[in-house]
**Q** 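Sharing a structure with you now.
Quick caveat, the model's predicted, so the values are computed rather than measured. As a basis for the values below, the full set of heavy atoms in this structure was taken, side chains included, without hydrogen atoms, waters or symmetry mates. Chain naming here is simple, since letters A, B, ... match the order of the sequence lines and numbering starts at 1 in each.
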There are 4 protein chains.
Amino acid sequence: MIVRYGGRVATRPTRPALRDRYDRRRADVVERAAHVFARRGYGRTSMQQLAEELGIAVGSLYHYFPGKEQLLVAICDELMDPLLGDARALDGAGLAPPEQLRALVRLWVGHVVTHRDHLLVFQQERHAIERGAQWRGVRADRKAFERLLEGVLAEAEAAGALRTADRRLALSALLGMVNHTAQWYRPGGRLTPEAIADGYVDLLVRAPAR
Amino acid sequence: MIVRYGGRVATRPTRPALRDRYDRRRADVVERAAHVFARRGYGRTSMQQLAEELGIAVGSLYHYFPGKEQLLVAICDELMDPLLGDARALDGAGLAPPEQLRALVRLWVGHVVTHRDHLLVFQQERHAIERGAQWRGVRADRKAFERLLEGVLAEAEAAGALRTADRRLALSALLGMVNHTAQWYRPGGRLTPEAIADGYVDLLVRAPAR
Amino acid sequence: MIVRYGGRVATRPTRPALRDRYDRRRADVVERAAHVFARRGYGRTSMQQLAEELGIAVGSLYHYFPGKEQLLVAICDELMDPLLGDARALDGAGLAPPEQLRALVRLWVGHVVTHRDHLLVFQQERHAIERGAQWRGVRADRKAFERLLEGVLAEAEAAGALRTADRRLALSALLGMVNHTAQWYRPGGRLTPEAIADGYVDLLVRAPAR
Amino acid sequence: MIVRYGGRVATRPTRPALRDRYDRRRADVVERAAHVFARRGYGRTSMQQLAEELGIAVGSLYHYFPGKEQLLVAICDELMDPLLGDARALDGAGLAPPEQLRALVRLWVGHVVTHRDHLLVFQQERHAIERGAQWRGVRADRKAFERLLEGVLAEAEAAGALRTADRRLALSALLGMVNHTAQWYRPGGRLTPEAIADGYVDLLVRAPAR
DNA sequence: TATGAATGAGCCTTCATTCAT
DNA sequence: CATGAATGAAGGCTCATTCAT
């Protein structure tokens with residue numbers, strides 16, 4: 001599992017017990033901040049409002065993040081790192097092309113629905129992420145994931161499983177539909193994440209599974 | 001064609017000659033502001049910066065829009081109104097289901113690539129649009145378009161042209177892939193807007209055209 | 001009658017016919033601007049609001065006054081000049097002390113009730129008038145009037161008509177009560193301006209008239 | 001004693017020690033702001049200028065007042081609340097009519113000279129105070145004080161102590177002369193506040209005291 | 001460690017004034 | 001003359017960040 005802290009962390013304790021508590025609290029702030037930002041918007045949420053909503057003091061936020069933007073970086077890291085880690089693990093599992101694609105999309109959709117808020121924030125602030133040095137890590141992760149995904153699609157194509165002649169367009173379409181899921185998915189809705197993922201894959205592959 | 005001005009306009013001239021010039025300049029500001037906001041971000045672009053980029057004075061912006069948010073509304077109106085207008089016109093043209101869907105997606109993708117900036121801004125500020133009274137019109141347009149699209153998909157399904165059993169999911173997938181096009185499309189790129197649209201439709205319908 | 005124009009006037013016509021129309025319109029603007037300022041406040045009324053309320057264009061205001069503050073000067077001149085002129089005329093009429101005081105206060109109160117708006121504006125902006133070179137004329141008028149008033153009180157005192165031993169305090173009290181009249185007087189109210197004036201004078205002089 | 005804070009206060013501390021310091025600083029700002037506004041004018045003093053004059057940062061002003069107008073409200077509250085409180089206490093002391101009036105005017109004049117700046121600001125912004133919901137409290141206080149004063153005058157009249165037949169006019173005159181005192185009084189001047197108050201009362205009552 | 005008062009740069013907006021029509 | 005679109009300086013206010021407690 002990749003663990004990156006999106007830049008210098010204010011003062012992470014060294015003693016294990018304290019460090020664990022610190023890490024837990026920090027992760028909690030990231031999680032809940034993502035929720036607040038997703039609803040109110042990153043730019044429209046002040047550190048004061050955020051602190052109030054989290055039930056902590058403004059100054060405390062600066063114990064965990066050097067600044068507001070680093071909090072945003074942490075949210076995006078929390079979005080990309082586990083996904084990329086899991087996807088790489090899957091990639092090494094050696095599944096056959098069509099199953100491999102299906103497994104990856106299932107994993108991906110599963111991640112999208114559990115990190116809906118993170119993704120919504122990521123999409124809001126996409127323009128900022130595309131520029132700026134501190135975003136290099138997030139950008140690299142995004143590109144790595146897309147490349148991995150393209151590789152899986154290429155293998156599926158090579159195996160004759162893809163319906164479309166244009167693999168690049170299929171990649172874009174897949175990115176669009178999966179990421180868009182964050183906009184409408186509600187837990188306990190009509191479709192399970194797996195059903196959603198399968199529906200997407202079925203659009204791309206020749207012989208619908210099931 | 002729906003023409004709405006996103007709320008009260010700050011003293012639109014009544015004399016035709018002046019009004020035309022006013023309308024032209026206003027539309028120009030909307031167009032170019034969309035471009036600036038798409039790149040820099042709406043929240044991260046100050047009215048000062050925008051004015052400078054447009055080559056006009058800050059105060060002049062307030063001749064055309066009562067405030068920064070109304071400029072955002074105007075951008076979204078400019079995005080939705082022509083699309084919805086054209087889509088409705090097409091809807092009344094009486095095409096057969098599969099051609100109707102293809103024609104609609106072509107029109108839609110064509111609109112997306114000519115209004116890339118508007119759409120990118122719209123996606124950035126989606127969270128703001130979902131709340132607030134002044135966004136009611138934009139929200140209504142978006143919903144109207146989705147409903148129209150769903151109707152077309154339903155007709156295609158009734159005609160047995162749809163590959164998927166889940167029309168609702170197909171709708172979401174289509175929304176995702178088409179709107180995502182704004183993120184990567186570059187004029188003069190490998191694929192024409194028509195080819196992109198056809199690629200998307202081919203994923204959904206049973207018998208690929210061409 | 002003193003006629004001063006409170007500083008350089010933008011472009012007063014020279015041909016008599018035009019000049020008369022100009023003067024009439026200018027006086028009308030002064031009159032009505034006083035009314036608007038009295039209600040909304042000078043500082044809280046923009047030239048745009050004022051122009052709209054007067055039914056003329058913003059630019060037109062600048063035909064009659066070089067700036068907003070000169071309009072304020074004109075209002076104060078319109079308040080002080082006729083009052084001082086009439087008071088001086090009365091002073092030269094050679095009335096006996098007690099009658100002279102009564103006549104002056106009647107004249108004064110009469111002026112206050114017909115220039116209520118001007119006086120309210122004057123009181124609002126008193127702090128501005130006490131400083132600044134352009135206000136020298138208005139300040140001089142105010143002082144001249146107070147001195148004239150004090151002279152009349154002194155004569156009354158010399159004639160044994162004053163109830164109080166402290167003429168300076170009586171002067172202040174008189175200034176306070178008469179000017180305060182602008183705050184509560186309504187045309188057609190219970191008391192006529194003459195009755196009000198007499199009431200004030202009766203407080204000061206030994207043997208109430210009538 | 002009435003203690004009102006002119007609308008919502010921006011996060012008043014709850015811990016007693018901090019709250020006391022907060023209250024002290026806030027009162028200090030009110031006091032000194034009244035002085036600055038009295039001299040420069042409320043509308044002509046920017047928050048920047050005020051902060052500079054007070055030796056604090058602009059943002060700090062917003063710790064104590066939600067906005068510029070609330071600071072004005074606080075100044076007026078500071079003017080009216082103690083006066084009304086003291087006047088009511090006196091009213092309940094059960095003095096005989098002529099002494100009661102004299103005591104009230106002494107108290108009032110004493111308050112005027114110690115709150116000269118507050119009163120000057122109040123008079124400047126009277127037009128704003130007469131309208132608007134946030135001024136309801138100040139307006140109510142002013143009316144309550146006038147009613148109390150009228151009651152005292154009525155008792156004096158009933159006791160045959162009043163010189164004038166028109167009690168309402170006497171009330172207006174008294175309001176005018178006392179409030180006008182703020183315009184000219186200087187500490188250490190020729191007359192003490194008591195002498196001034198007695199001078200005013202002597203104009204109204206039949207048998208001058210002393 | 002946690003706090004929150006204090007800061008001041010920067011934001012959106014207003015508005016007195018100008019000038020081409 | 002009269003107009004009103006255009007201007008840009010300045011105003012009120014917000015908010016990310018700091019630091020003394």
**Q** Going 5' to 3' through nucleotides 15-21 of chain F, assign each nucleotide B (protein heavy atom under 4.0 Å from a base atom), S (under 4.0 Å only from sugar-phosphate atoms) or - (no protein heavy atom that close).
**A** SBBB---
**Q** Could you label the plane-to-plane angle of the D:Phe37 and D:Tyr42 rings as parallel, tilted or perpendicular, counting under 30° as parallel and over 60° as perpendicular?
**A**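 The rings of D:Phe37 and D:Tyr42 stand perpendicular, inter-plane angle above 60°.
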**Q** Given that both distances must come in under 3.5 Å, which nucleotide forms a Watson-Crick or G-U wobble pair with F:dA16?
**A**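 Answer to the pairing question: E:dT7, which forms a Watson-Crick or G-U pair with F:dA16.
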**Q** I'd like to check the salt bridge (charged side-chain N to carboxylate O under 4.0 Å, His left out) partners of A:Arg39; sequence neighbours left out, ordered by chain and number.
**A**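 A:Glu53.
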**Q** Hey, is the main chain of B:Gly132 close enough, under 3.5 Å, to the side chain of B:Arg139 for a donor-acceptor pair?
**A**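 Yes, the answer is positive, given that a donor and an acceptor are paired below the 3.5 Å cut-off.
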**Q** Without decimals, in angstroms, what is the distance between A:Arg21 CZ and E:dT1 P?
**A**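 Interatomic distance, CZ of A:Arg21 to P of E:dT1: 9 Å.
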**Q** Count the heavy atoms belonging to other residues, nucleotides or ligands that lie under 6.0 Å from CD of B:Glu52, then report whether that count exceeds 12.
**A** no
**Q** Expressed as a whole number of angstroms, how long is the span from B:Tyr22:OH to F:dA5:C1'?
**A**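 Atom-to-atom, B:Tyr22 to F:dA5, this comes out as 11 Å.
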**Q** Hey, which sits more toward the 5' end of DNA chain E by its nearest nucleotide, A:Pro13 or D:Ala57?
**A**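 Residue closer to the 5' terminus by nearest nucleotide: A:Pro13.
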**Q** If you compare every side-chain N and O of D:Tyr64 against the phosphate oxygens of E:dA5 (OP1, OP2), does one of them come in below 4.0 Å?
**A** no
**Q** Side chains of C:Gln123 and D:Gln123: donor-acceptor distance under 3.5 Å anywhere?
**A** no
**Q** Consider the side chain of A:Ser60, meaning its heavy atoms from C-beta on, and name the nucleotide among E:dA2, F:dT7, F:dT3 that approaches it most closely.
**A** E:dA2
**Q** In this structure, how many angstroms lie between the P atom of E:dA5 and the CG atom of D:Leu61, rounded?
**A** 15 Å
**Q** To the nearest angstrom, how far is A:Leu18 atom CG from E:dA2 atom C1'?
**A** 14 Å
**Q** Is any side-chain nitrogen or oxygen of A:Arg25 closer than 4.0 Å to OP1 or OP2 of E:dA2?
**A**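 Yes, such a contact exists.
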**Q** Atom CG of B:Leu54 and atom P of F:dT7: how far apart are they, to the nearest Å?
**A**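 Rounded to whole Å, this separation is 11 Å.
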**Q** Using atom types as modelled and distance alone, determine if a side-chain donor or acceptor of D:Tyr22 lies under 3.5 Å from a backbone N or O of D:His63.
**A** yes
**Q** Whole angstroms only, please: what is the NE2-C1' distance between D:His63 and E:dG4?
**A** 8 Å
**Q** Please determine, for F:dT21, whether a Watson-Crick or G-U wobble partner exists with both distances under 3.5 Å, and give it or none.
**A**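 The base-pairing partner of F:dT21, which may sit in any strand shown, is E:dA2.
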**Q** How many whole angstroms separate atom CZ of B:Arg19 from atom P of F:dA5?
**A** 13 Å
**Q** Is any NZ, NE, NH1 or NH2 atom of the basic residue among D:Glu69 and C:Arg44 found under 4.0 Å from an Asp or Glu carboxylate oxygen of the other?
**A**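 Yes, charged N to carboxylate O under 4.0 Å.
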**Q** Over how many whole Å does the gap from D:Glu52 atom CD to E:dA6 atom P extend?
**A** 19 Å
